[in-house]
Novice: 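Structure incoming, see below.
Start at 1 with the first residue, then count along the sequence.
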Amino acid sequence: MANMSTGSAKSLRRPLIAGNWKMNLGLKDSVDLVRQLVDGAPAGGSGPEIMVAPPFTALTVVAELLKGKSIKLGAQNMHPEASGAFTGEVSPSQLLDVGCSHVILGHSERRRMFGDTDAFIKKKLQAAVKLKLVPVLCIGETLEERESNRTFRVLETQIKGALEGFAPTDLAQLVVAYEPVWAIGTGKTATPDQAQQAHAFVRQQLKGLYGEGWAQSVRILYGGSVTPENVDELMSQPDVDGALVGGASLKPVGFLRIINFKAGTKASA
Ligand code: 13P
């Protein structure tokens, strides 16, 4: 893959560190974790924006603890319809009701295990932006796709499949998360160069759809085995604007270290 940098306006984008708890933690452990994050997060909302996405069952109790705090609350998924006979699903307004400001959409686990297609993800995105929920759109290639040199094609299809047809003003708050499927939960992180190449490609796609100014304003997070050990180098890349953290977001000390990443030490691009 060609090395690319987009002449990134990184300093204009506030980093976002997000924790995706997936199907983990009961109420007691959720409360314990959030209390420690609230106590340990940079004072006065300085530093990166922070978001946690607990399971649906813990949203209300976590929302209570986050009242008046700078840490944002997100959901891991939602249904695009406003209400109705959709057993087991949760609507955008229900998420707003419990205090969510963000929603993760199109996570590869949902695409792979629950049949979320680009078309369905687009409907969810439409519903999210209508209610001003910040969508965190996840994209990423499988190992097989990477090894057969289809990474960029897959990313392009996923981006265009979800975004085409939107006005940039509708997508004002959009966050994209590049999560290579082969790096999720495997301990096999993308190298900083691999992450940068993919992020730069994503930003080019956004530029092609909506122009340079808007593309430079969108935050692109990296996700896939992010740890306290590798976050600094990842965050040093010009187009890596944050992290979507799975396993390591369940451990308060480690997640706080990720929040307090030190970028700029080993930039390679
Ligand atoms: P891990 O950090 O556990 O690899 O998970 C990444 C992820 O899927 C976040 O959405």
Novice: Taking the side chain from H199 and the backbone from D239, do they hold a donor-acceptor pair closer than 3.5 Å?
Specialist: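 It does hold such a pair.
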
Novice: Supply the members, apart from W182, of the Ile/Leu/Val/Met/Phe/Trp/Tyr cluster built from side-chain contacts under 4.5 Å; use none for a lone residue.
Specialist: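 Cluster partners of W182: L143.
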
Novice: If I take atom CD from residue Q76 and atom NE2 from residue H107, how far apart are they, to the nearest 0.5 angstrom?
Specialist: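 Q76 atom CD to H107 atom NE2 measures 8.5 Å (nearest 0.5 Å).
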
Novice: For residues R219 and L16, report the shortest heavy-atom separation together with the two atoms involved.
Specialist: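 Distance-wise, the nearest heavy atoms are NH1-CB, 3.7 Å.
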
Novice: Taking all non-hydrogen atoms of both residues, which atom of A82 and which atom of S93 are closest, and how far apart?
Specialist: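 Residues A82 and S93, closest heavy atoms: O-OG, 4.0 Å.
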
Novice: With the 4.5 Å side-chain cut-off for hydrophobic clustering, are M51 and F56 part of the same group?
Specialist: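 Looking at the clustering, F56 is in a separate group from M51.
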
Novice: Assess whether side chain to side chain contact (heavy atoms under 4.5 Å, CB included) is satisfied between R112 and I184, documenting all intermediate values.
Specialist: CA-CA 13 Å; R112 190 164 41 93; I184 294 177; over 6 Å; no

Novice: Between F261 and E233, is any pair of side-chain heavy atoms under 4.5 Å apart?
Specialist: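 A side-chain contact is absent here, since even the closest heavy-atom pair is not under 4.5 Å.
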
Novice: If two hydrophobic side chains count as joined below 4.5 Å and joins carry through other members, does V176 share a cluster with V181?
Specialist: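 No, no single cluster joins them.
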
Novice: May I ask you to check whether over 12 heavy atoms, not counting those of K10, lie within 6.0 Å of atom NZ?
Specialist: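 Above 12, so yes.
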
Novice: Please determine if R14 and E49 form a salt bridge, counting it only when a charged side-chain N lies under 4.0 Å from a carboxylate O.
Specialist: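 Result for this pair is no, no salt bridge flagged.
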
Novice: Are any side-chain N or O atoms of D232 and backbone N or O atoms of K262, one a donor and one an acceptor, separated by less than 3.5 Å?
Specialist: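 Pair found, side chain donor or acceptor close to backbone of K262.
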
Novice: Decide yes or no for P54 and L73: does some side-chain heavy atom of the first lie under 4.5 Å from some side-chain heavy atom of the second?
Specialist: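 Answer yes - side chains close enough.
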
Novice: How are the rings of F152 and F201 set relative to one another: parallel (under 30°), tilted (30 to 60°) or perpendicular (over 60°)?
Specialist: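 Ring orientation of F152 relative to F201: parallel.
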
Novice: Quick one: does N230's side chain have a donor or acceptor within less than 3.5 Å of a partner on V226's backbone?
Specialist: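 Not at all, since once roles are kept as given, no pair shorter than 3.5 Å links the two residues.
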
Novice: I'd like to know if L174 and V103 are part of one continuous hydrophobic network [Ile/Leu/Val/Met/Phe/Trp/Tyr, side-chain heavy atoms within less than 4.5 Å].
Specialist: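 Yes; L174 is reachable from V103 via cluster members.
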
Novice: Just by modelled atom types, is the V154 backbone N or O under 3.5 Å from a matching donor or acceptor in the E141 side chain?
Specialist: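 Side chain of E141 to backbone of V154, a donor-acceptor pair under 3.5 Å: no, none is there.
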
Novice: How long is the span from the OH atom in Y178 to the CG atom in L244, to the nearest 0.5 Å?
Specialist: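 Here the interatomic distance stands at 13.5 Å.
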
Novice: Return yes if some donor-acceptor pair links the side-chain N/O of Q205 with the main-chain N/O of K160 below 3.5 Å, else return no.
Specialist: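 No.
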
Novice: Take atom CE of M113 as the centre, draw a 6.0 Å sphere, and report whether it contains more than 12 heavy atoms from other residues, nucleotides or ligands.
Specialist: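 Yes, enclosed.
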
Novice: Nearest 0.5 Å please: distance from the SG atom of C100 over to the CG atom of L131.
Specialist: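 Between atom SG of C100 and atom CG of L131 there are 12.0 Å.
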
Novice: Would you say Y222 and T189 make side-chain contact, with heavy atoms under 4.5 Å?
Specialist: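 They are in contact (side-chain heavy atoms under 4.5 Å apart), so the answer is yes.
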
Novice: Flag the pair L37 / I50 as yes when at least one side-chain heavy-atom distance between them is below 4.5 Å, and no otherwise.
Specialist: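 Result no, sub-4.5 Å side-chain heavy-atom pair not found.
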
Novice: Please check if the side chain of R203 supplies one atom and the backbone of V218 the other of a donor-acceptor pair under 3.5 Å.
Specialist: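 Pair found, side chain donor or acceptor close to backbone of V218.
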
Novice: How far apart are the C-alpha atoms of L133 and L96, what are their side-chain angles, what is the distance that settles it, and do they pass the side chain to side chain contact (heavy atoms under 4.5 Å, CB included) test?
Specialist: CA-CA 8 Å; L133 278 165; L96 280 180; 3.8 Å; yes

Novice: Okay, side chain of S249, backbone of F255: is any donor-acceptor separation there less than 3.5 Å?
Specialist: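 No; zero donor-acceptor contacts below 3.5 Å.
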
Novice: Is there a path of hydrophobic side-chain contacts, each under 4.5 Å between heavy atoms, that joins L95 and I71?
Specialist: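 In one cluster with L95: I71, yes.
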
Novice: Identify the residue among R111, R110, K123 that makes a salt bridge (charged side-chain N to carboxylate O under 4.0 Å, His left out) with D118.
Specialist: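 It is R111, the one option of R111, R110, K123 that forms the salt bridge (charged side-chain N to carboxylate O under 4.0 Å, His left out) with D118.
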
Novice: Are the side chains of L163 and L137 in touch, meaning some heavy atoms are under 4.5 Å apart?
Specialist: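 Heavy-atom side-chain distance check passes, below 4.5 Å.
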
Novice: Could you go step by step and tell me if L66 and V52 meet the side chain to side chain contact (heavy atoms under 4.5 Å, CB included) rule?
Specialist: CA-CA 10 Å; L66 293 184; V52 291; 4.1 Å; yes

Novice: Not counting sequence neighbours, list each pair that qualifies as a side-chain hydrogen bond (donor to acceptor under 3.5 Å, both in side chains) and has a residue in residues 36-48.
Specialist: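 Qualifying pairs, neighbours excluded: none.
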
Novice: Looking at A58 and L27, what are the two nearest heavy atoms and their distance?
Specialist: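 Shortest heavy-atom contact: CA-CD2, 3.9 Å.
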
Novice: What distance separates R150 CZ from T142 OG1, expressed to the nearest 0.5 Å?
Specialist: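 So the CZ of R150 and the OG1 of T142 are separated by 6.5 Å.
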
Novice: Between G165 and Y210, which heavy-atom pair has the shortest distance, and what is it?
Specialist: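 For G165 and Y210, the tightest heavy-atom pair comes out as N-OH, 4.4 Å.
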
Novice: Could you measure the distance from the CG atom of L33 to the CG atom of L250? Nearest 0.5 Å is fine.
Specialist: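 Here the interatomic distance stands at 7.0 Å.
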
Novice: Using every non-hydrogen atom in the two residues, find where F166 and A162 come nearest and quote the distance to one decimal.
Specialist: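 Here F166 and A162 meet closest at CE1-O, 3.1 Å.
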
Novice: Please report the C-alpha distance between E156 and I159 in whole Å, then the side-chain angles of each, then the deciding distance to 0.1 Å, and finally whether the side chain to side chain contact (heavy atoms under 4.5 Å, CB included) criterion is met.
Specialist: CA-CA 5 Å; E156 182 176 352; I159 291 167; 5.9 Å; no

Novice: Is there side-chain contact between K69 and V34, with at least one heavy-atom pair below 4.5 Å?
Specialist: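 Answer no - side chains too far apart.
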
Novice: Is a side-chain N or O of K122 found less than 3.5 angstrom from the main chain of E164, in a donor-acceptor match?
Specialist: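 At least one qualifying donor-acceptor pair exists.
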
Novice: Do you reckon M78 sits in the same ILVMFWY cluster as L125, going by side-chain contacts under 4.5 Å, direct or chained?
Specialist: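 Yes.
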
Novice: Are the side chains of W214 and L171 in contact, using a 4.5 Å heavy-atom criterion?
Specialist: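 Result yes, sub-4.5 Å side-chain heavy-atom pair found.
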
Novice: Do the side chains of K124 and P80 get nearer than 4.5 Å, heavy atoms only?
Specialist: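 Yes, their side chains come closer than 4.5 Å.
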
Novice: Just verifying a value: how many Å separate L221 CG and N20 CG, rounded to the nearest 0.5 Å?
Specialist: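 These two atoms lie 11.5 Å from each other.
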
Novice: Quick check: closest heavy atoms across V136 and A177, and the distance to 0.1 Å?
Specialist: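 Answer, listing the atom of V136 first, then A177: CG1-CB, 4.1 Å.
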
